[in-house]
Amino acid sequence: MFNKPKGTRDFLPMEMKKRRIIEKKLRKVFETYNFKEILTPTFESFQLLSKKTGEDIRKQLFVFKDHGNREMGLRPEVTSSVVRFYLNELKNLPKPLKLYYFANCFRYENPQAGRYREFWQMGCELIGSEYPIADAEIINLSMDGLNAIDMDYEINIGHLGVLKGIFKRFDLSEDRELKIRRLIDKEDYGGLEDYLCDIESPEELKEAIFNLLNFKGDRDIINELKEILKDYPLSLQALENLEEILDFVKYENIIVNFGIARGLDYYTGMVFEIYGKKEGARQVCGGGRYDNLIELFGGKPTPAVGFAYGFDRIMLNIDDFEIKEESILIVPAKKDKNLLKRSLRIADELRKGGKVVEVDLMNRKLNKALNYANTIGISKVIIIGERELEEGRVSLKDMKTGEQKSVKLEELESFV
RNA sequence: GCCGGGGUGGGGUAGUGGCUAUCCUGGGGGACUGUGGAUCCCCUGACCCGGGUUCGAUUCCCGGUCCCGGCCCCA
């Protein structure tokens, strides 16, 4: 006996049905914005995958060597692959380039609520526009998607430029910047305080950082922050950029939060996270601007902004819903090869009309067949009997009401 | 990587240091030859793995593993 690998899942037919329904709705929203679907390989070279992801993510990589002794890894997210694809083949397409994907990703982690070793991300990347309206489009799109599936959520939007502006004035090393961003993202403010003391940072820096973190709320706080950070020109610029972005965001119910630092190191400007209402696995979406990733991968500097949904977490955060499915079972009234053949022909006709039809494949007797139809939720049973067939008729039984009537073959389709 | 709680047929469960391991459900066949979505009968199928304690372990102890959840990190 074999078991599925830890952290992976088998999906039952009903789950798949629901996943497909949600997937379809999200896709539809993406496509109404004219984003185009792409797909990249499940595995990439280890070098690519570890290029701009921190130590932590690298430890979470599923790695293997192929027969040519090349180091490979299963993708832990898709943005790196999209950038690679862009540089390989798409960089000369007209801008903006609007791409989306739906793909399984892999991280070697301990499973938990909404966290798996194989999970699905659905995301969008908008490449080539540096303008605030592009950031806004990404935010609007991500919210439109969740609205289309009636999910309750909370969106937090921040801007890394503000923090960077503060760092800039104190000329911090990249190492220290990163460390501070980590602590901020973790909301480990005690640790942050300690660290700032350890590196003997000036009082002014501490003050600026903690001031920043205290600001969380509606967009009015940006104005207050402008006042406080008036000596930090780059921070001011970032705040203005964020305001311009928010001018184009069509929703009001957003939270401005400068505590969002994002774990992936490649973000440069606006960043956002969306949380669902369910306990555990709350973050369902993350995104932001990553203007120097493409350059880092060897391309010429190109602005880009994007986001990814954690599809499995979205599934955990929507209310369960019923799926009603009309299906038909055709069964001969008695075991007879000719009746079976007739059943197949009738099934064929109905399927051409788009109906979901099964024919009894178990050689069941009528009562057992009805029993079967009942247990698997067949909505209508067509009984093919010899005597009726001679008059060009079959019996149609409605499994919900129990009603049964004799209908002419040529009228059958209009009844089911 | 760390921490907590779990693991009995396919699904849901009962129970026990010793007897053929309980019940429901599901699956297959039959009684029943055009309708009993019923009923009855038969069959199918389980104590996570390894070690220890013991005359004897599914039960107690230890380790592992997997599941559920938490931390870290993230989606």
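So you know, we letter chains A, B, ... as the sequences are listed, proteins then strands, and number each from 1.
Among the protein residues, A:Asn110 comes within range of the nucleic acid bases, having at least one heavy atom under 4.0 Å from a base atom. Across all strands shown, A:Asp336 has no heavy atoms under 4.0 Å from either base or sugar-phosphate atoms. In this structure, A:Asn3 reaches neither bases nor backbone, as no heavy-atom distance under 4.0 Å exists between it and the strands shown. Residue contacts shown for A:Gly123 are absent, as no nucleic acid heavy atom lies under 4.0 Å away.
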**Request:** Apply the test side chain to side chain donor-acceptor pair (under 3.5 Å) to residues A:Tyr153 and A:Asn253: give CA-CA distance (whole Å), side-chain angles for both, the deciding distance (0.1 Å), then the verdict.
**Result:** CA-CA 10 Å; A:Tyr153 62 88; A:Asn253 58 328; 4.8 Å; no
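A salt bridge does not link A:Lys18 to A:Glu15: none of the charged side-chain nitrogens sits closer than 4.0 Å to a carboxylate oxygen. One finds no salt bridge joining A:Lys355 and A:Glu413 here, because no Lys/Arg side-chain nitrogen approaches an Asp/Glu carboxylate oxygen to under 4.0 Å. Checked for salt-bridge contact, A:Lys17 and A:Glu325 meet the test: a charged N lies under 4.0 Å from a carboxylate O.
Other residues, nucleotides and ligands contribute more than 12 heavy atoms inside 6.0 Å of the NZ atom of A:Lys335.
The OH-P distance, from A:Tyr153 to B:rA75, rounds to 19 Å in whole Å. Nucleotide B:rA75 holds its P atom 8 Å from the CD atom of A:Glu273, rounded to whole Å. Distance, A:Arg282 CZ to B:rC71 C1': 17 Å, rounded to whole Å.
Between A:Leu141 and the choices A:Val29, A:Thr32, A:Leu126, the side-chain contact (heavy atoms from CB on, under 4.5 Å) rule is met once, by A:Val29.
B:rA75 has A:Phe119 stacked on its base ring, the centres lying under 5.5 angstrom apart and the planes within 30 degrees of parallel.
When both pairing distances are held under 3.5 Å, B:rU20 makes no Watson-Crick or G-U pair with any nucleotide shown. Checking B:rC40 for Watson-Crick or G-U wobble geometry (two distances, each under 3.5 Å) identifies B:rG30 as its partner. Taking a pair to require two hydrogen-bonding distances under 3.5 Å in either a Watson-Crick or a G-U wobble arrangement, B:rG4 pairs with B:rC68.
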Might you list the N or O atoms of the protein lying below 3.5 Å from N or O atoms in nucleotides 30-36 of chain B, with each pair's distance?
unit_1, atom_1, unit_2, atom_2, d
B:rG30, O6, A:Lys368, NZ, 3.4
B:rA31, OP2, A:Lys365, NZ, 2.5
B:rU33, OP1, A:Lys365, NZ, 3.2
B:rG34, OP2, A:Ala333, O, 3.3
B:rG34, O6, A:Glu386, N, 2.7
B:rG34, O6, A:Arg387, N, 2.6
B:rG34, N2, A:Glu388, OE1, 2.8
B:rU35, O2, A:Gln404, OE1, 3.0
B:rU35, N3, A:Gln404, OE1, 3.3
B:rU35, N3, A:Gln404, NE2, 2.8
B:rU35, O4, A:Gln404, NE2, 3.1

Protein-nucleotides 65-68 of chain B N/O pairs under 3.5 Å:
unit_1, atom_1, unit_2, atom_2, d
B:rC67, OP1, A:Gly7, N, 3.1

Using the 3.5 Å cut-off, write out each protein N or O paired with an N or O of nucleotides 23-27 of chain B and the distance between them.
none

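The ring of A:Phe64 has its center closer than 6.0 angstrom to the ring center of A:Phe43.
A:Val394 has its side chain within reach of A:Leu389: a pair of non-hydrogen atoms, C-beta onward, lies under 4.5 Å apart. The shortest distance between side-chain heavy atoms of A:Leu409 and A:Arg342 falls below 4.5 Å.
A parallel orientation is assigned to the rings of A:Phe30 and A:Tyr309, their planes being inclined by less than 30° (bins at 30° and 60°).
In this structure, a donor-acceptor pair under 3.5 Å is absent between the side chains of A:Glu244 and A:Tyr131. With hydrogens and angles left out, the side-chain atoms of A:Asn317 and A:Arg313 include no donor and acceptor closer than 3.5 Å.
Comparing B:rC2 with B:rG10, their C1' atoms are spaced 35 Å from each other, to the whole Å. Taking the P atoms as reference points, B:rC66 lies 22 Å from B:rC61, given to the whole Å. Comparing B:rA57 with B:rG51, their C1' atoms sit 13 Å apart, to the nearest whole Å. For B:rG56 and B:rG64, the P atoms lie 26 Å apart once the distance is rounded to whole Å. Only the C1' atoms considered, B:rU44 is 14 Å distant from B:rU25, to the nearest whole Å. Comparing the C1' positions of B:rC43 and B:rG1 gives a spacing of 50 Å, expressed to the nearest Å. Of the C1' atoms belonging to B:rG69 and B:rG27, the separation is 33 Å, rounded to the nearest Å. Across B:rA38 and B:rA21, the matching P atoms stand 31 Å from one another, rounded to whole Å.
Atoms OH and CG, from A:Tyr108 and A:Leu61 in turn, are 13.0 Å apart once rounded to the nearest 0.5 Å.
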